[in-house]
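Each ligand, and each atom within it, is numbered from 1 in the order the structure gives.
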Amino acid sequence: MKTIHLITFSLLASVANCYSPCVKRNVRGDSQPDFMVCVCNATYCDDFPPLGTLNADSAAVYVSSSAGKRFERSTVTWTNAKSRKTNKLRRKDAIAKQAHITPSVQMQSIIGFGGAFTDSAGINLASLDNATQELLMQSYYGPNGLQYSLGRVPMASCDFSTHEYSYDDFTGDFALQNFSLTMEDYQYKIPYIKRAMALTGGDMKLFASPWSAPGWMKTNGHMKGGGKLKGFPGGIYDKTWAQYFVRFLEEYNKNGVNFWGLTAQNEPTTGADINYGWQTMFFDAESERDFIKNSLGPALHNSSLGKNIALMTMDDQRFMLPGWADVVFDDDLANSYTAGIAIHWYEDWLAPSSFLADTHKSWPDKFMLATEACSGYMIVHGPSLGAWTRADDYAHDIIVDLNNWVAGWTDWNIALDMKGGPNWVNNVVDAPIIIDSSKGEFYKEPMFYAMGHFSKFIRPNSVRIGLTMDSDSFLEGVAFSTPTSQRVYVIRNAHASDTYDFAIEAADRPGQVLHVSIEPSSITTIVWDKA
Ligand SMILES: *[C@@H]1O[C@H](CO)[C@@H](O)[C@H](O)[C@H]1NC(C)=O
Ligand SMILES: *[C@@H]1O[C@H](CO)[C@@H](O)[C@H](O)[C@H]1NC(C)=O
Ligand SMILES: *[C@@H]1O[C@H](CO)[C@@H](O)[C@H](O)[C@H]1NC(C)=O
Ligand SMILES: *[C@@H]1O[C@H](CO)[C@@H](O)[C@H](O)[C@H]1NC(C)=O
């Protein structure tokens with residue numbers, strides 16, 4: 001008995017220490033390592049190098065870079081700030097930088113990081129054999145993967161569907177007697193959501209968003225194109241549309257899927273454009289406030305599945321803040337039904353990050369959550385396989401959001417095909433995982449690693465902590481304390497040639513310093529335990 005125990009133990013120990021590294025493919029040839037994907041198939045996929053057990057004076061450093069590193073792990077040691085040995089650790093060619101972390105200064109807590117279960121993501125997953133699907137799901141949700149903690153689910157169809165459909169396309173069915181989920185829910189959404197749930201041990205928050213009401217409820221008669229709900233505020237169309245949300249929660253619940261949150265409408269302002277290219281429905285801040293207060297809030301409040309749901313307003317671009325939030329929250333009733341503000345990244349270049357901080361200052365009890373982002377939506381549409389710059393764009397936006405009180409960040413489709421679809425109106429984009437079903441392979445884009453630098457260690461309920469650091473438009477960072485009092489410090493360096501030698505100090509480790517070399521065009525996550 002004893003011997004068997006020992007063998008089992010040593011086997012487990014060796015399993016815990018080994019991991020599968022990235023199988024690199026330079027998609028534009030070896031001279032361009034900044035276009036590199038990691039290749040996975042039915043029998044092989046890279047995973048996240050385990051943290052292992054850290055000594056009290058050591059920190060783990062994970063680096064991904066345009067030069068080809070992907071979650072490369074090393075350890076560094078906290079040393080006496082005054083000792084000569086410490087100074088020897090500094091690299092001669094590196095530029096000295098300072099950072100100071102104050103764990104006692106605590107700011108917003110984290111809801112999570114994740115991506116969206118669209119029809120297209122499910123169609124692409126279903127195009128792989130089961131073993132390959134399993135490795136893809138583990139890569140995002142498993143204990144050796146990114147450990148995503150958040151998932152978004154479109155209610156019925158959106159552009160990342162193969163056609164236009166709602167859950168009740170029966171004109172005049174105000175009682176929603178014919179409300180029903182579709183083949184897409186049963187084949188492409190629910191099975192993958194449930195596998196993700198199982199891999200996370202149930203530790204994943206889901207939120208849903210509608211793109212449009214059924215065409216018959218809209219002024220333009222179609223889900224596609226601009227238009228708003230027919231009728232008047234609080235009227236029969238409003239009430240029916242509100243009840244549709246409740247029915248959606250009920251049907252998913254019957255299938256074993258429960259939601260933490262809802263957004264009232266995806267990108268409501270796009271519904272002002274009568275020629276808008278896919279499903280949308282118009283609200284401005286005033287009409288969304290009225291819909292929430294007259295219809296959606298009361299309907300959710302009256303339902304056992306809806307009454308504790310985190311309802312989010314806006315679900316649209318940053319530049320609409322703080323005005324949108326002011327309109328909704330200035331109304332006591334709409335305020336009482338609404339937990340947070342949902343934000344998309346697409347026009348962040350139009351609006352300074354101070355718009356977020358100002359919104360938080362006015363409404364400190366409402367969370368802000370980034371609910372959609374993707375690359376390849378502008379100028380170059382679709383995947384740009386292996387492009388490091390897209391990982392850098394993600395890291396930049398996530399750090400800016402987190403430093404301005406945003407509580408989490410949700411990527412768009414978890415997986416797309418080689419063209420960045422399917423998308424029934426050809427609005428193709430990029431995704432962190434691109435699937436080539438003809439080869440039975442999938443490719444982890446640099447964006448996948450960008451997400452992991454945040455999602456892996458900044459667990460739900462982590463709290464942002466005080467950080468002052470040397471920074472500029474190329475260099476920035478954000479620091480957290482996790483529920484187990486781990487410290488997590490993420491640094492983005494977008495400079496193409498500068499290496500920085502960071503001397504990191506922490507208020508709870510007086511007299512100590514951590515020297516970390518930050519390489520050009522990189523994302524670095526540093527993890528250590530509370531002193
Ligand atoms: C899967 O990937 C591994 C690692 O790159 C490789 O050794 C193996 O041959 C691949 N399998 C197939 C069927 O291509
Ligand atoms: C797919 O793989 C998973 C995990 O290995 C397993 O639980 C499941 O039963 C498999 N499904 C099919 C249809 O083979
Ligand atoms: C529900 O669907 C059936 C056909 O499946 C149709 O005959 C009936 O009229 C529909 N009910 C409503 C209220 O639209
Ligand atoms: C509340 O729920 C009950 C039972 O489900 C329903 O009859 C009633 O119409 C609902 N009221 C509102 C305001 O949705």
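For ligand 1, one of its N or O atoms has an N or O atom of Asn41 under 3.5 Å away.
Shown in contact with Tyr44 at under 4.0 Å from a heavy atom are these atoms of ligand 1, numbered in order with element: 2 (O), 3 (C), 4 (C). Near Val23, with a cut-off below 4.0 Å to any heavy atom, the atoms of ligand 1 are 5 (O). With ligand atoms numbered from 1 in the order given, ligand 3 contributes 13 (C) to contacts under 4.0 Å with heavy atoms of Gln177.
Taking the six-membered ring where the residue is Trp, the centroids of Tyr237 and Phe174 are separated by under 6.0 Å. The distance between the ring centers of Phe71 and Phe48 falls below 6.0 angstrom. Taking the six-membered ring wherever Trp is involved, the centroid distance between the rings of Tyr244 and Phe248 does not fall below 6.0 Å.
With a 6.0 Å cutoff to the six-membered ring centre and a 45° limit on the axis angle, Arg28 counts as a cation-pi contact of Phe35.
Checking atom 2 (O) of ligand 3 against the protein gives a heavy-atom contact under 4.0 Å.
Closest to atom 8 (C) of ligand 3 among all protein heavy atoms lies Asn178 ND2, 3.7 Å. At the top of the distance list for atom 14 (O) of ligand 3, counting protein heavy atoms only, stands Phe170 CB, 3.4 Å. Atom 13 (C) of ligand 3 has its closest protein heavy atom at Asp173 OD1, 3.5 Å.
Between Glu286 and Arg289 there is no salt bridge, since no side-chain N of the basic residue sits under 4.0 Å from a carboxylate O of the acidic one.
Under 3.5 Å, the side chains of Asp119 and Tyr165 contain a donor-acceptor pair of N or O atoms.
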